[in-house]
Amino acid sequence: MHALIVLAHPEAKSFNAQMAQIGKETLEAEGWTAEISDLYRQGFDPCEGQDHFPAPKEPDYFSAQGEQRHAADTDALPPQVKAEVEKLERADLVVFQFPMWWFSTPAILKGWLDRCLVYGRVYTGSMRYDKGYFQGKRAVISVSTGAPASTHGCDGRNGDADMLLWPFHYSLHYVGFTVLPPYYSFSVESGILYSDPSVLHDRLEGYKAGLADHLRGLDKMARIPFNGWDDWDEEGKLKPDAPAYSPFMRHPD
Ligand SMILES: Cc1cc2nc3c(=O)[nH]c(=O)nc-3n(C[C@H](O)[C@H](O)[C@H](O)COP(=O)(O)O)c2cc1C
């Protein structure tokens with residue numbers, strides 16, 4: 001079994017970079033092979049645009065999906081994207097390690113999704129959701145926050161953390177991944193310190209051990225449920241008898 005760990009953090013000695021390494025070492029100790037895609041240190045360009053397509057289908061108007069499809073069809077994917085897609089293709093498990101930035105991912109990781117989830121290669125109109133390209137592969141998010149856990153519950157002032165991850169989780173479901181429960185490292189104070197340094201140190205060490213446990217326990221975890229093709233009608237709306245798993249996709253009140 002092979003794992004890809006996608007790391008989005010600008011500092012090589014950061015907590016997040018250490019967590020990516022812990023993830024790799026944990027999986028290797030369990031008999032996996034593992035590689036890290038360290039987006040900053042690879043110089044990954046997160047901005048999709050015309051410059052990545054030197055032989056465009058439409059030189060006078062840039063259509064991201066149009067050019068992605070054309071590049072996929074003509075074996076002309078941008079080299080950085082081709083390399084990442086091939087890493088995804090050889091992975092049985094993908095772990096995303098990143099700090100929460102503005103209630104979301106760092107831009108470099110959002111751009112990685114924009115560019116590497118290539119239209120025509122990893123999804124098409126009919127190859128999505130439970131018919132997605134990456135069916136059979138698992139994905140799990142490991143995210144750190146500066147804010148404490150109490151503020152990330154459903155009534156917390158920073159919003160329900162599970163809901164904040166829904167768009168990312170749903171993107172993974174969209175391309176066929178089985179999405180497993182995330183691992184949260186809350187109160188990872190970095191720059192703005194509230195805790196005694198030894199308390200913070202112990203907290204971070206606890207998260208490292210916790211991530212290792214989380215990864216060792218993946219086989220026993222239930223997937224996060226999402227709707228699939230059978231749940232929607234011709235207009236793409238939930239059928240009345242379909243289950244609703246999230247406020248993001250629910251039956252009308
Ligand atoms: C640009 C930026 C935006 C941030 N936004 C959030 C946020 O929305 N919620 C939060 O809890 N922490 C936020 N933080 C704090 C980081 O999540 C926190 O510093 C990080 O998880 C610590 O991990 P690190 O030491 O590996 O950087 C933000 C930090 C930065 C730099």
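Fair warning: this is a prediction, and the values are worked out from it, not measured in the lab. Counting convention: from 1, in listed order, for ligands and their atoms alike.
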Do me a favour and list the nearest non-hydrogen protein atom to [atom] with residue, atom name and distance?
{"atom": "atom 21 (O) of ligand 1", "answer": "S144 OG, 2.5 Å"}
{"atom": "atom 10 (C) of ligand 1", "answer": "G146 N, 3.6 Å"}
{"atom": "atom 27 (O) of ligand 1", "answer": "H9 NE2, 2.6 Å"}
{"atom": "atom 22 (C) of ligand 1", "answer": "V188 O, 3.4 Å"}
{"atom": "atom 5 (N) of ligand 1", "answer": "W102 N, 2.8 Å"}

**Message:** Taking the basic N atoms (NZ, or NE/NH1/NH2) and the acidic carboxylate oxygens, is any pair closer than 4.0 Å for D196 and R203?
**Reply:** no

**R90 with E86: basic N within carboxylate O range, under 4.0 Å** = no

**Request:** Flag the pair Y123 / Y119 as yes when their ring centroid distance falls below 6.0 Å, and as no otherwise.
**Result:** yes

**Item:** F96 and W112 aromatic centres sub-6.0 Å
**Value:** yes

Answer with yes or no whether the side chains of [Y] and [X] bring together a donor and an acceptor at under 3.5 Å.
{"X": "D162", "Y": "Y184", "value": "yes"}
{"X": "Y133", "Y": "E89", "value": "yes"}
{"X": "S195", "Y": "E189", "value": "yes"}

Under 4.0 Å from any heavy atom of [X], which atoms of ligand 1 are there?
{"X": "A147", "result": "10 (C), 11 (O)"}
{"X": "N16", "result": "23 (O), 24 (P), 26 (O)"}
{"X": "P99", "result": "20 (C), 21 (O)"}
{"X": "S190", "result": "19 (O), 22 (C), 25 (O), 27 (O)"}

**Asked** Should the proximity of E11 to ligand 1, defined as any heavy atom under 4.0 Å, be assigned to the side chain, the backbone, both, or neither?
**Response** neither

**Request:** From atom 2 (C) of ligand 1, work out which of F15, F186, W101, F103 has a heavy atom at the shortest distance.
**Result:** W101

**Complete:** Among E189, M100, Q18, H152, the residue with a heavy atom nearest to atom 28 (C) of ligand 1 is M100

**Message:** Using 0.5 Å steps for rounding, measure from the OH atom of Y170 to the OH atom of Y245.
**Reply:** 11.5 Å

